[in-house]
Amino acid sequence: MTTTPRAQAGSRASASPATEPTRGWTIATRPVGDPVSAMLLREYLVDVADRYYQLHEERDSTPEEIEQALAEMPSDDLAPPRGVFLLARHDGELAGCAGVRLMDERTAGLTRAAELKRVYIRPAKRGLGGGAALLAAVETAAGELGAERIALDTRLDLVEARALYARHGYREVPAFTEGPYAEVWMAKELG
């Protein structure tokens with residue numbers, strides 16, 4: 001599956017008011033175990049881990065902490081038949097990733113829900129509409145998996161991510177996961 005965002009190539013006529021310009025972005029599925037996917041997932045984890053450790057301990061993460069986190073929080077469920085992993089390119093350059101997986105109703109308390117995971121845009125490509133492009137593609141993929149809503153958890157310090165989600169119709173909901181990194185829960189109805 002190759003997915004292009006709603007506002008591909010600057011066509012704003014079909015874009016919703018909350019959609020940012022997404023000129024030059026293409027989104028395509030990629031196996032989550034692929035070396036390119038693994039590289040972006042590692043970059044994502046280093047980015048969010050460094051932010052966490054800078055905030056709480058005034059230091060960056062260590063390579064050992066990243067390896068431990070990769071082992072403790074695998075992404076292999078972002079694969080068919082219950083998940084999808086997407087890579088974003090901007091003007092042909094690898095620029096980001098996101099994943100979605102169907103949720104267990106008992107875990108989420110949400111029927112027919114999918115969970116947004118591992119949203120990442122490389123720092124040099126931020127502010128160019130890649131987050132909007134990825135969200136549009138993830139929402140399409142979640143719908144194709146049969147989801148009626150999409151949910152996520154995030155941290156309070158990830159203010160840019162929370163603002164992106166809010167601009168695209170995600171609203172805060174009661175907690176549906178537990179863990180040291182889940183501080184804000186959001187969801188959006190699809191369709």
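Throughout, numbering of the chain's residues begins at 1 and tracks the sequence. Since we're looking at a predicted model, the values are computed, not measured.
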Take Thr154 and Arg162, measure what side-chain hydrogen bond (donor to acceptor under 3.5 Å, both in side chains) needs, and give me the verdict at the end. CA-CA 8 Å; Thr154 189; Arg162 289 187 7 250; over 6 Å; no

For residues Trp25 and Leu128, report the shortest heavy-atom separation together with the two atoms involved. NE1-O, 2.9 Å

Taking the six-membered ring of Phe85 as reference, does the cationic atom of Arg30 (NZ for Lys, CZ for Arg) lie under 6.0 Å from its centre and within 45° of its axis? no

With no hydrogens and no angle check, is any side-chain donor or acceptor of Glu65 less than 3.5 Å from a backbone partner on Thr62? yes

Any donor-acceptor N/O pair, Arg82 side chain to Asp77 backbone, under 3.5 Å: no

Does Asp50 offer a backbone N or O that forms a donor-acceptor pair with the side chain of Arg59 under 3.5 Å? no

Count the heavy atoms of every other residue, nucleotide or ligand shown that sit under 6.0 Å from CD of Glu57, and state whether that count exceeds 12. yes

Val138/Val84 under side chain to side chain contact (heavy atoms under 4.5 Å, CB included): CA gap, chis, key distance, verdict: CA-CA 8 Å; Val138 163; Val84 174; over 6 Å; no

Quick check against the 3.5 Å criterion: does Glu148 have a side-chain atom that pairs as donor or acceptor with the backbone of Arg112? no

Main-chain N/O of Arg101 paired to Lys117 side chain as donor or acceptor, under 3.5 Å: no

Where do Arg118 and Ser75 come nearest, in terms of heavy atoms and distance? NE-OG, 3.0 Å

Go through the steps for Tyr44 and Val119 under the test side chain to side chain contact (heavy atoms under 4.5 Å, CB included), then give the verdict. CA-CA 8 Å; Tyr44 156 81; Val119 178; 6.0 Å; no

Pick out which of Arg42, Arg122, Arg126 makes a salt bridge (charged side-chain N to carboxylate O under 4.0 Å, His left out) with Asp47. Arg126

